Amino acid sequence: MNVLVINCGSSSLKYQLLNMQNESVLAKGICERIGIDGRLVHERPEGKYEATPAMPDHAAAMSVVLEALLDPNHGVIKSKDEIHAIGHRVVHGGETFTQSILIDEKVEAAVEACSDLAPLHNPPNLIGIRACRQHMPNLPQVGVFDTAFHQTMPAKAYLYAVDHKLYDKHKIRRYGFHGTSHKYVSQQAAELLNRPLADLKLVTCHLGNGASVCAVQGGESIDTSMGLTPLEGLAMGTRSGDLDPALITFIMEKENLTAQEVLDMLNKKSGMLGLSGVGSDFRDLATAAESGNQKALDALEVFAYRVAGYVGRYAAAMNGLDAVIFTAGIGENDSYIRAKVCEYLTWFGVSLNQEENKKRGKALDISNSEAKVRVLVIPTNEELMIARDTKKILEA
Ligand code: ADP
């Protein structure tokens with residue numbers, strides 16, 4: 001079975017075609033600048049192909065993807081019939097979706113209903129679903145939600161301590177994101193540790209441009225650091241993460257800004273970028289820190305301190321801890337941040353092997369042999385998880 005995985009953003013469409021017999025990637029790529037001009041980067045094991053076809057909308061981008069997959073030179077299939085199902089990343093499933101689901105009209109309407117919880121993400125996800133239907137009306141499509149994995153959180157973890165009416169009326173609560181990644185790496189961790197997932201207390205740290213931490217007990221999310229929106233929790237590339245909510249009106253007054261402008265500032269100009277003034281990419285921060293830039297050093301300290309703080313909090317939430325898992329761009333590549341975080345965790349029983357910590361690119365236990373709490377690096381693979389769910393649903 002070949003599964004096409006689609007991740008549709010407001011002006012981009014990422015795709016990956018997987019052969020689910022052996023879980024190999026046949027081709028992958030991205031359409032960018034949709035609605036502006038259009039740029040395609042298409043990759044297969046044999047090499048990369050780039051082009052600038054017109055992409056006035058997502059349906060046009062979807063045609064470009066299909067043409068690339070079918071192209072006699074850089075394509076990987078001969079006919080659309082070689083695509084057997086489509087799996088979509090959908091950001092917000094609210095309280096409606098606790099797992100992946102075959103998309104029908106009812107599901108689509110429910111995704112639409114969740115749009116006010118994720119106004120930037122759900123509408124393009126829906127556009128992607130509709131564009132695929134337009135091109136391949138008979139193919140089954142599956143929705144895989146970023147929030148679904150966290151629907152197992154207990155009320156004490158998902159409730160904000162505000163008037164309960166706000167939850168009753170508007171479903172204002174914590175949802176969490178990156179669920180597909182947290183679920184994938186926790187399953188991989190159980191394999192690497194050679195122990196049943198049901199017995200494990202894990203903290204998974206998805207540290208990318210957006211970053212979140214999750215407490216995974218017995219394979220279920222029991223708490224996570226992002227909330228109603230992805231702004232809560234860790235300090236991130238450009239997001240502030242946790243702060244005193246009174247800051248918002250304070251900044252509005254002091255800087256003469258509207259609420260929306262402050263929110264924009266907290267989402268796009270804060271975090272590592274705001275603190276350092278250097279940028280949001282950890283490679284740039286490291287370069288600046290090495291040349292003695294104190295603000296960049298401070299930013300990295302804030303980042304690691306927050307991650308470690310959440311690990312400690314979740315060890316308390318689970319009353320135990322078997323392993324800490326690092327994943328995504330920073331988690332998989334930044335040995336400095338991993339070492340910084342682990343320095344705070346020695347009391348818990350973490351003991352980092354400095355040599356192993358330098359390696360990258362594959363799933364690895366980077367602890368010393370005597371460590372009571374293991375530290376793992378596990379490359380995430382959200383596309384594979386989406387394809388697996390899609391296959392599972394079709395076979396059921
Ligand atoms: P997203 O999917 O959220 O865009 P990624 O998981 O791809 O993010 O992570 C992107 C981030 O990972 C970059 O902003 C950068 O800070 C960090 N990163 C990538 N490679 C490295 C590296 N070699 N060393 C340190 N940080 C890295």
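Counting convention: from 1, in listed order, for ligands and their atoms alike. Only a predicted model underlies this, so the values are computations on that prediction, with no experimental measurement involved.
Aromatic ring pairs are classed by plane angle as parallel below 30°, tilted from 30° to 60° and perpendicular above 60°; the pair Y314 and Y310 is tilted. Ring pair F177/H92 is perpendicular by interplanar angle, where above 60° counts as perpendicular and below 30° as parallel.
For atom 26 (N) of ligand 1, the closest non-hydrogen atom on the protein side is F282 CB, 3.7 Å. With respect to atom 17 (C) of ligand 1, the closest heavy atom belonging to the protein is I330 CG1, 3.5 Å. Nearest to atom 23 (N) of ligand 1 among the protein's heavy atoms is N333 CB, 3.5 Å. The protein atom (non-hydrogen) at minimum distance from atom 10 (C) of ligand 1 is N209 N, 3.9 Å. The protein heavy-atom contact nearest to atom 15 (C) of ligand 1 is D281 OD1, 3.5 Å.
Counting atoms of ligand 1 from 1 in the listed order, those under 4.0 Å from a heavy atom of A328 are 6 (O).
A side-chain donor-acceptor contact under 3.5 Å links T147 to the backbone of G93.
The pair R89-E382 does not meet the salt-bridge criterion, since no charged nitrogen lies less than 4.0 angstrom from a carboxylate oxygen.
Between the side chains of H206 and S181, at least one donor N or O sits under 3.5 Å from an acceptor N or O. For the residue pair S115 and H121, no side-chain donor N or O sits within less than 3.5 Å of a side-chain acceptor on the partner.
For the atom pair OG (S186) and CD (E220), the distance works out to 10.5 Å, reported to the nearest 0.5 Å.
Some N or O of G329 is nearer than 3.5 Å to an N or O of ligand 1, by distance alone. Annotation: L207 places no N or O atom under 3.5 Å from an N or O atom of ligand 1; distance criterion only.
The protein does not reach atom 2 (O) of ligand 1 closely, with no heavy atom under 4.0 angstrom from it.
Contact annotation: G210 has at least one heavy atom less than 4.0 Å from an atom of ligand 1.
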